[in-house]
Protein chains: 2
Amino acid sequence: MKPQGKASREEILEAARKVFIENGYDGARMQEIADEAGVNKALIHYYFRSKEELFQEVFLEAFIKVVPSVMVILNSDEPLFKKIEQFVSKYLDTLNENPLIPGFILHELAHGRQHIDALIRGTGLNPQFFINQIYREIDAGKIKNCDPTQLIINILSLCIFPFVAQPILKGVFFRNREDDYARFMLERKSDVVRFIIASIRKQQEES
Amino acid sequence: MKPQGKASREEILEAARKVFIENGYDGARMQEIADEAGVNKALIHYYFRSKEELFQEVFLEAFIKVVPSVMVILNSDEPLFKKIEQFVSKYLDTLNENPLIPGFILHELAHGRQHIDALIRGTGLNPQFFINQIYREIDAGKIKNCDPTQLIINILSLCIFPFVAQPILKGVFFRNREDDYARFMLERKSDVVRFIIASIRKQQEES
DNA sequence: GTCTATATCCAGATAGAC
DNA sequence: GTCTATCTGGATATAGAC
């Protein structure tokens, strides 16, 4: 059962995902990855030259999963309100499946382990299309006047922050009751959409 | 100039704040703290028994600075809208002065180095008063019906997230231009308040 | 109180047998 | 391709002189 070639590499990667994302680069131990994968430390160095290289692969994959692949929605041709609803819904689903990734990404980016510019260029991340759409909706009198960048960052904040702050929110607001927290998260999808739409929708007789 | 007693302890603490908050516990090196403080590694162990103990002091101080000390505003007797405005304004000021602390706190909490329940109890953190106020405003027909917990978490998200995500936001939205980013942050205070108020304020003839 | 020197441990990485 | 054994560096921590 031992010699398996290709499979080992994937098991190491899988273990590395878990250990890196849970503990961050500095907190991760090659030994723990090896144990988790059921292989020897040396084998990790055989497939990936170093801890750094293994990390890069894990990080890039995680980054793509939660950043550009979801941002794509913002470049679709849907009308604004519908697009926001789709985006929030899809994004919260994605993050619920990978609740630790946002904190992982943000922590590593904050410590300069990653070259953000290269990531942005490499993944073609660009908010300009969506920004222009918001400007058009303002000009057309469909939504209130606002700074599109602020609006987009508001949307991202409302979606991502609860995951980054999960432990403290659980403690402060739900006394660590998993079921209360789960209910909160279920409600959140529609709640966030309502919250956003309500604050940009134009009412009667406003400028 | 060397023998200074009390002063050294404070200089070590100051250096430790910088190094821990920038790099996290796992990424911090005692040597770097010593260099930064202009003292010898051994002296750190003289004042603080271990890295862990030094860290605890830094963490608790940082935690108090950005969590309970600002949450106090939420327990004042101000009317709701005024309170939200005060809170956002004060909180963004506090975070602008300590932009790295949110990421630091959240990262360490996420990795269980801290016992959140003890922190919450120790600092008397409790959102119940504010939650009740929101319920009263709803009952009085002053704001739309909503889940107060969701609302509070929305407010926190809008304030804190931009700091946690600072590097990537700078890269994606401002092409790393510091002045554009600074302008954004200046605008943000009033923008966030508007955003929140607009989404909870009651309009004519709504349920 | 502050330093030098050192002990101790542990992590990442490599050599080499199978 | 996978393992055992080992090297090497670096990190926390301590002993002990001044």
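The sequence lines fix the lettering, A, B, ..., with proteins before strands; numbering per chain opens at 1.
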* To do: List the protein contact pattern of nucleotides 8-18 of chain D with one symbol per nucleotide (5' to 3'): B for base contact, S for sugar-phosphate-only contact, - for none; contact means a heavy-atom distance under 4.0 Å.
  => ---SBBBB---

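Between the CD atom of A:Glu32 and the P atom of C:dG12 there is a distance of 10 Å, given to the nearest Å. Between the CG atom of A:Asp26 and the P atom of C:dC10 there is a distance of 18 Å, rounded to whole Å. Rounded to an integer number of Å, the gap from CG of A:Leu43 to P of C:dA15 is 16 Å.
For B:Arg177, the side chain to side chain donor-acceptor pair (under 3.5 Å) partners are B:Asp179, not counting sequence neighbours. Residues passing the side chain to side chain donor-acceptor pair (under 3.5 Å) test with A:Arg49, sequence neighbours excluded: none. When the salt bridge (charged side-chain N to carboxylate O under 4.0 Å, His left out) test is applied to B:Arg17, the partners found at least two apart in sequence or on another chain are B:Glu10, B:Glu14, B:Glu61. The side chain to side chain donor-acceptor pair (under 3.5 Å) search around A:Gln31 returns A:Asp35, not counting sequence neighbours. Take A:Tyr135 and apply the ring pair (Phe, Tyr, Trp, His ring centres under 6.0 Å) test, not counting sequence neighbours, and it matches no residue. Legend: residues meeting side chain to side chain donor-acceptor pair (under 3.5 Å) with A:Glu137, ordered by chain and number and at least two apart, are absent.
Residues of residues 107-114 of chain A that place a heavy atom closer than 4.0 Å to DNA chain C do not occur.
The phosphate of C:dC3 has neither OP1 nor OP2 within less than 4.0 Å of any side-chain N or O from B:Tyr46.
A donor and an acceptor atom, one from each side chain of A:Gln150 and A:Asn154, are nowhere located under 3.5 Å apart.
Evaluation of the ring pair (Phe, Tyr, Trp, His ring centres under 6.0 Å) test over residues 147-170 of chain A, restricted to residues two or more places apart or in two chains, returns none.
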